[in-house]
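Computed from heavy atoms alone, side chains included, the values below leave out hydrogens, waters and symmetry copies.
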Amino acid sequence: MPSRYSRLLPADWQDAYFQLVYYPTVASAGIANIYTATTRNHLYAKQGRPLANLYAKQAEELFEKDKRLTCYYNDTLANGKWKNMMSDIHIGYTQWSMPKQALLPSLQQVTLQDTPSLGICPEGCEATDYTDKLALPLFDALLDQTYYIDLFNRGKGNINFTATPSQTWIKVSQPSGTVKTETRLQVNIDWAAIGNGTHEACLTIKSGETNFPIGIRAVKGEAPDTKEAYFGNLSKTEFSIPAYLYNKNVPGKDAAWTELPDLGRGYACMGISPVTAPSAQPEEAPYLEYQILLPDTGTVSLCIGILPTQDVYPERGLRIAVAIDDEIPEVIDARQGFVDTFGEYNPANLAQSPNLKPLPKQDKTIKLTGSKQLRRNEVFDNLRMLTTKLHVKKAGMHRLKLYMIDPEIVLEQLVLYPDNRYPSYFGAPAVRHQ
């Protein structure tokens, strides 16, 4: 099954192109899309959303395509030269060991109702009009978001709707219309029409004699008076900082933070140079500084994403330190969330060894860490989330500092105000204000 691109190559290059470029790319994407389609199928079926059937069909078609790719590799490519090269089962894993046969994950079908019926699902929610009170995520003037509301028809035929805001500062892309299968409304805020503060209103979707109110909350305030780039928001909602987007990189006595491009899940990470540098106390350690906006006083949760690192020097430890402004840095044990594969940190070993230290507890109330979630730990995620608290004494701009204590730590991202209502895998998309 050569692609149209391979046919542009000389004949004696085409098999190598399939092996080294086409198959790894297309087959890997197919597997990812199978599980994405399956996840959507399950969610939409739970909502009674007919789009579930489309994703079930997509998953089935991708499964069949994967079979054809594998058969071509094993039986046709180079006249069967690579027979059984791709015979390992690669679909249907439920544990580390290879499954006995390739199985498509279970799929669900939604049966259309005989008459049209409107379903509603706002962005960021699994809930629909049937299961919970509906609301859009919080709007923030500094971020100027646009959120969507999906309207879908659970039955046969067409259904009309109107979308009426309770306040004129709520802007909706389509105030009325007809839904045959699905329609997406875009909602944003006219910030010039409201003053500073927190504002509450609702957007009512009406179909026939039934009203569906959707909560709207918007926060507006004065933007910080600063010439430096910064991260943060006015609404005390989750925001992320890629480690390499620092404001200052201050070298220490024996080491410095350095950018490591193409490492991690984003553009780059920050590591220590030289990697053989000695450990340091904060006063002599290199540190990264980030300008952040924290709009209120009190305690703020901070997640520090580092690449998985072994406890290479148990007697010394594995540490990093964090501080806000000129506060005394807090040293954090970077083994939070450590996967103890060989069970070394058991009570018997800890009692006998002068070097081993008990593994620190991870804050399991923060869902971003992935703690106790299926297929989530530092190995699966290729990221270990450390958690700590910042104590904010004054609202406004602050300097967040990350200090090297031990040189093995590699920083990928920081997440403040981790959101348990809308937990994510990567953290909120990073927005850097200039």
Side-chain angles (χ1 to χ4, degrees), residues 122-124 135-148 165-173 186-203 215-250 266-267 287-304 322-327 368 389-402 413-419 421-422 424 426-434:
E123 180 173 353
L136 284 171
L138 185 62
F139 289 88
D140 187 309
L142 199 58
L143 303 176
D144 193 22
Q145 305 100 323
T146 295
Y147 294 125
Y148 66 79
S166 64
Q167 298 292 334
T168 57
W169 45 266
I170 300 172
K171 301 299 180 182
V172 59
S173 61
Q186 303 289 343
V187 181
N188 55 26
I189 305 298
D190 180 1
W191 295 108
I194 60 175
N196 291 345
T198 300
H199 305 263
E200 297 190 8
C202 85
L203 176 66
I216 305 287
R217 294 179 67 232
V219 175
K220 183 179 179 181
E222 297 296 331
D225 183 16
T226 178
K227 295 181 180 179
E228 287 193 76
Y230 66 95
F231 291 89
N233 54 51
L234 301 166
S235 49
K236 296 190 292 183
T237 52
E238 181 176 297
F239 67 93
S240 300
I241 306 173
Y244 66 90
L245 290 179
Y246 51 81
N247 292 81
K248 289 183 181 179
N249 184 349
V250 180
Y267 169 77
Y287 68 88
L288 298 168
E289 182 176 296
Y290 305 87
Q291 291 289 328
I292 59 173
L293 171 63
L294 301 176
D296 204 353
T297 59
T299 301
V300 176
S301 294
L302 168 66
C303 292
I304 304 170
V322 61
I324 184 170
D325 299 322
D326 295 320
E327 297 288 325
L368 181 67
K389 303 291 186 182
L390 301 177
H391 303 287
V392 184
K393 298 178 181 179
K394 182 179 179 181
M397 295 299 300
H398 294 274
R399 292 170 291 127
L400 179 63
K401 301 176 183 179
L402 273 293
Q413 71 170 157
L414 312 172
V415 181
L416 289 97
Y417 297 107
D419 189 345
R421 184 181 177 190
Y422 300 102
S424 64
F426 289 105
V431 178
R432 194 184 198 198
H433 306 289
Q434 301 288 345

Shortest non-hydrogen contact from [X] toward [Y]:
{"X": "Thr297", "Y": "Ala395", "result": "CG2-N, 3.8 Å"}
{"X": "Pro295", "Y": "Ser235", "result": "CG-N, 4.5 Å"}
{"X": "Ala243", "Y": "Leu288", "result": "O-CD1, 4.3 Å"}
{"X": "Asn247", "Y": "Ala229", "result": "ND2-O, 2.8 Å"}
{"X": "Leu368", "Y": "Ser424", "result": "CD1-O, 3.4 Å"}
{"X": "Pro165", "Y": "Ile170", "result": "CB-CB, 3.6 Å"}

Any chance you could lay out the side-chain contact (heavy atoms from CB on, under 4.5 Å) test for Phe139 and Val187, step after step, and finish with the verdict?
CA-CA 10 Å; Phe139 289 88; Val187 181; 4.0 Å; yes
Mind telling me whether Tyr230 and His433 have parallel, tilted or perpendicular rings, with 30° and 60° as the class edges?
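Geometry flag for Tyr230 against His433: tilted rings.
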Over 60° means perpendicular and under 30° means parallel, so classify the ring planes of Tyr290 and Tyr246, tilted if in between.
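Plane angle over 60°, so perpendicular.
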Do [X] and [Y] come close enough that some side-chain heavy atom pair is under 4.5 Å?
{"X": "Thr237", "Y": "Tyr417", "result": "no"}
{"X": "Asn188", "Y": "Asp144", "result": "no"}
{"X": "Leu416", "Y": "Leu390", "result": "yes"}
{"X": "Val219", "Y": "Leu142", "result": "no"}
{"X": "Arg399", "Y": "Met397", "result": "no"}
{"X": "Leu414", "Y": "Leu402", "result": "yes"}
{"X": "Asn196", "Y": "Glu222", "result": "yes"}
{"X": "Tyr147", "Y": "Ile216", "result": "no"}

Main-chain N/O of [Y] paired with [X] side-chain donor or acceptor, under 3.5 Å:
{"X": "Glu238", "Y": "Ala428", "result": "yes"}
{"X": "Lys236", "Y": "Asp296", "result": "no"}
{"X": "Asp140", "Y": "Asn233", "result": "no"}
{"X": "Gln413", "Y": "Phe426", "result": "yes"}
{"X": "Ser166", "Y": "Ala201", "result": "no"}

Just to verify, what does Gln186 make a side-chain contact (heavy atoms from CB on, under 4.5 Å) with, not counting sequence neighbours?
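Checked Gln186 against side-chain contact (heavy atoms from CB on, under 4.5 Å); matches are Thr146, Tyr148, Ser173, Arg184.
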From [atom1] ([X]) to [atom2] ([Y]), nearest 0.5 Å:
{"X": "Gln291", "Y": "Arg432", "atom1": "CD", "atom2": "CZ", "value": "10.0 Å"}
{"X": "Leu234", "Y": "Lys220", "atom1": "CG", "atom2": "NZ", "value": "10.5 Å"}
{"X": "Ile194", "Y": "Thr168", "atom1": "CD1", "atom2": "OG1", "value": "10.0 Å"}
{"X": "Ile292", "Y": "Leu400", "atom1": "CD1", "atom2": "CG", "value": "4.5 Å"}

Could you walk me through whether Ile324 and Leu294 pass side-chain contact (heavy atoms from CB on, under 4.5 Å), step by step?
CA-CA 11 Å; Ile324 184 170; Leu294 301 176; 3.8 Å; yes
Go through the steps for Phe231 and Leu245 under the test side-chain contact (heavy atoms from CB on, under 4.5 Å), then give the verdict.
CA-CA 10 Å; Phe231 291 89; Leu245 290 179; 3.9 Å; yes
Run Lys389 and Ser301 through side-chain hydrogen bond (donor to acceptor under 3.5 Å, both in side chains) and show every step you take.
CA-CA 5 Å; Lys389 303 291 186 182; Ser301 294; 2.7 Å; yes
Of Lys394, Lys401, His398, Lys393, which is the lone residue that meets side chain to side chain donor-acceptor pair (under 3.5 Å) with Asp325?
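Single side chain to side chain donor-acceptor pair (under 3.5 Å) partner of Asp325 among Lys394, Lys401, His398, Lys393: His398.
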